[in-house]
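Since the structure is predicted, the reported quantities are computational estimates derived from the model, not experimental observations. Numbers restart at 1 for each chain; the letters A, B, ... are given by sequence-line order, proteins then strands.
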There are 2 protein chains.
Amino acid sequence: MRGEFARPATLADVANRAGVSAATVSRVLNRSTLVARGTRERVEKAIHELQYVVNGHARALAAAASEVIGVVVGDMSDPFFAHIVAGVQDQTFLAGQLALVCSTGSDPMREIGQLEHLRRLRADGVILVGGSVRDAGHQRELTRLLGGFHNRGARIVLCGRPPIPDLPGACAITFDNTGGTLRLMEHLKALGHTRIGYVTGPPLRSTSTERLHGYQIAAPGHDPSLIEQGTFTRESGWAASRKLLLRNDITAIVAANDLMAAGALAAVRSAGLSVPESISVAGFDDIEFCQDTHPPLTTVRLPLREAGAMAGRIACGLDAAPPSGVIRLGADLVVRATTSRVKA
Amino acid sequence: MRGEFARPATLADVANRAGVSAATVSRVLNRSTLVARGTRERVEKAIHELQYVVNGHARALAAAASEVIGVVVGDMSDPFFAHIVAGVQDQTFLAGQLALVCSTGSDPMREIGQLEHLRRLRADGVILVGGSVRDAGHQRELTRLLGGFHNRGARIVLCGRPPIPDLPGACAITFDNTGGTLRLMEHLKALGHTRIGYVTGPPLRSTSTERLHGYQIAAPGHDPSLIEQGTFTRESGWAASRKLLLRNDITAIVAANDLMAAGALAAVRSAGLSVPESISVAGFDDIEFCQDTHPPLTTVRLPLREAGAMAGRIACGLDAAPPSGVIRLGADLVVRATTSRVKA
DNA sequence: CTGAAAGCGCTTACAG
DNA sequence: CTGAAAGCGCTTACAG
């Protein structure tokens, strides 16, 4: 450990040792073909001997490219985001890029700040994960910022959120939130349910409103008092379900995601009722644990990891975005044991 | 959109507009106090008008500091990692740093490559999350690489893995894996269990061996055939449990994490047995969903998010590491409904 | 196929 | 309190 790391070797050191110019070393590094075989080998030997590692900042500064892909998520402890990010990382790894994962702590307004961070680092690609916020000022600011990325040649991908009309450069990967919820509702209606409570996600988010929309289209009666507000956490699903259970007319509770559905399951049980005998329950996303809840949860499956992988490939430039700029992903009904025919 | 983003404003642009030198702008940016009030205000005005955003790479290159914290994890889709990362991000956000999350895709050998990436970007701090691999060559390489970070003044934190003796600069945040498993085993023994199957994690990882060690200390009989190999996934827990159930003498299955315990639950049920009447089951970690399994899972609680937060604070320089260099975190037994007294 | 030179956008002593 | 100048470690036309 004799201070051999005190100053990392630089490209100039490598050039010296190999007896070539810095430009030549740079060419070897960047796999330019315009280097003679023998020269290349001498340089590679020097790189190896010096344990040379290119300085990413210097490279980014000189080349105006950073090998960094920015990923903006809500909260890593939510499996929805965790699975998408896992998919992104599978691909950034293959592409030799680095995923810079920024979290907004579930406050979408913080997207702006995180994007500024990413702009500072001149990210080559940016992936915005999860629902967008319906707020004119925020949208305008977001569009402006993303426009800045786009103008510098950065690829921008929206994953799990709708396209931004003013931003033709961006690719959007969307989930069929409305259709999935609709199919789930049809399933319940076919089982005889007519009074179905709904636990929605936080207001003004595209994920929430799209899913809620599916409910409203299918909801028998359109009674707004059947809708309770949640925040996509288990805890909030529990609280919202408690309120819903205060009324005695509902036969089913649908939550806008699985985490809240888990809370609903617990709330139903704590009210002394059983699932699905007294109340049917369903979620959305189909995270792995839905197989293990009591009873196993009926839900709607989203291809989260695949969506993340697609976003990653496009952001890294491995795949091109489709001409339309939009990739629509399905949302399949998964019937398990928390939903059953309503008793006469 | 008239190409107003074509070239982002530079520090020189700001200096021009404010009628000062670049050095002065830099001082304002870095909150140096040695700037006259009026000058500062003029510069801030120019920054605002130009929508100037500092170039992180130029800054990192000039100042040899990067405002980037590297986090190396196994797999983001595993809640163990997701929760720790969420805790890290809470703190990097507060510190105004950026968390660069690298995944090894559950192959710890890939740690080396990811660390080289981080070295390239001159990360100010590095957090290695999760178990280490018992492989002499790998350990040597790791120590060398981390030594390089340390010599450049980067803070290094091991989160959920044992300290590295040859690396005095590093801080280690450890979980009481052995003690937690031991307490879980004592709980089962007190319920009358004497033949307890164990589903271990992947071999040679500290997390696996520490937890297995707790089992071995407490295991009545030390019969090695009671131990089956898993990989920390639900699927592997299912397969290992199936094997364990082939023998008819066991009355309980303990898995090295909750994901595998969920698989065990499913395996027991698919064998036509019930939990806990026929077989008791327990896990490790206490991820949120343990409350919702069928029945709710007895497990050992690890303070994952808190551990991540501590790691984040130290890596960002918000908190100092303790003099000993080691922070030991508890692991509390959480008894739910998957464990019960063995029938006479 | 290779090199000399300028430049990327900052920070930091050094003067004043 | 402020500025001129050098330097951080690369890449990229431009010549040859």
Side-chain angles (χ1 to χ4, degrees), chain A residues 5-44 46-47 50-68 117 119-124 148 152-153, chain B residues 6-44 46-47 50-68 117 119-124 152-153:
Chain A
F5 302 104
R7 189 181 70 81
T10 67
L11 184 144
D13 298 332
V14 174
N16 267 339
R17 181 163 195 124
V20 298
S21 73
T24 299
V25 176
S26 178
R27 284 184 194 107
V28 171
L29 250 29
N30 294 293
R31 324 207 157 285
S32 157
T33 48
L34 318 169
V35 182
R37 176 81 173 273
T39 313
R40 173 184 302 280
E41 281 165 359
R42 245 181 317 140
V43 171
E44 280 169 347
I47 288 177
L50 260 26
Q51 301 207 48
Y52 170 69
V53 176
V54 65
N55 182 320
H57 297 297
R59 168 178 281 179
L61 186 56
S66 65
E67 74 182 10
V68 162
H117 244 131
R119 197 171 88 173
R120 223 173 277 182
L121 285 181
R122 304 296 189 263
D124 289 343
R152 306 199 86 253
Chain B
R7 190 180 69 81
T10 68
L11 184 144
D13 297 332
V14 175
N16 267 339
R17 183 164 195 123
V20 298
S21 73
T24 298
V25 176
S26 178
R27 284 186 194 105
V28 171
L29 250 30
N30 295 292
R31 324 205 158 287
S32 158
T33 48
L34 318 169
V35 182
R37 176 81 173 273
T39 313
R40 173 184 303 280
E41 281 165 359
R42 244 181 317 138
V43 171
E44 281 168 348
I47 287 176
L50 259 27
Q51 302 208 48
Y52 170 69
V53 176
V54 65
N55 181 320
H57 296 297
R59 168 178 281 179
L61 186 57
S66 65
E67 75 182 10
V68 162
H117 244 131
R119 198 171 90 174
R120 224 173 278 181
L121 285 180
R122 304 298 188 263
D124 289 343
R152 306 198 87 252

In Å, rounded to the nearest 0.5 Å, how long is the span from [atom1] of [X] to [atom2] of [Y]?
X	Y	atom1	atom2	answer
L29(B)	T24(B)	CG	OG1	11.5 Å
L121(B)	E67(A)	CG	CD	6.0 Å
R27(A)	T39(A)	CZ	OG1	10.5 Å
N55(A)	R120(B)	CG	CZ	10.5 Å
R42(A)	R37(A)	CZ	CZ	13.5 Å
D13(A)	Y52(A)	CG	OH	9.0 Å

Atom pairs and distances, donor-acceptor, side-chain atoms in residues 58-66 of chain B, under 3.5 Å, two or more places apart:
from   : atom 1 : to      : atom 2 : distance (Å)
S66(B) : OG     : V68(B)  : N      : 3.3
S66(B) : OG     : R122(B) : O      : 2.7
S66(B) : OG     : D124(B) : N      : 3.4
S66(B) : OG     : D124(B) : OD1    : 3.3

**Fill in**
Assert: residue with more 5' nearest nucleotide on DNA chain C, out of T24(A) and L61(B), is T24(A)
**Asked** Who are the side chain to side chain contact (heavy atoms under 4.5 Å, CB included) partners of A12(A), not counting sequence neighbours?
**Response** T10(A)
**Request:** Tell me, please, which residues at least two apart from R40(B) pass side chain to side chain contact (heavy atoms under 4.5 Å, CB included).
**Result:** V28(B), V35(B), E44(B)
**Message:** Using a 4.0 Å heavy-atom cut-off, does V25(A) contact any base of the nucleic acid, only the sugar-phosphate backbone, or nothing at all?
**Reply:** nothing
**Message:** Students often get this wrong, so: under 4.0 angstrom with heavy atoms, is A23(A) touching a base, only sugar-phosphate, or nothing?
**Reply:** base
**Request:** Assess whether side-chain contact (heavy atoms from CB on, under 4.5 Å) is satisfied between V14(B) and V43(B), documenting all intermediate values.
**Result:** CA-CA 7 Å; V14(B) 175; V43(B) 171; 4.3 Å; yes
**Message:** For Watson-Crick and G-U wobble pairs within 3.5 Å on both distances, what is DNA chain D written in dot-bracket notation, | included for inter-strand pairing?
**Reply:** |||.||||||||.|||
**Message:** Taking the nucleotide of DNA chain D with the nearest heavy atom to each, does A62(A) or V20(B) sit closer to the 5' end?
**Reply:** V20(B)
**Prompt:** Looking at DNA chain D, which of residues 10-19 of chain B put a heavy atom within less than 4.0 Å of it?
**Reply:** none
**Range on DNA chain D touched by chain A, heavy atoms, distance below 4.0 Å** = dG9(D) to dA13(D)
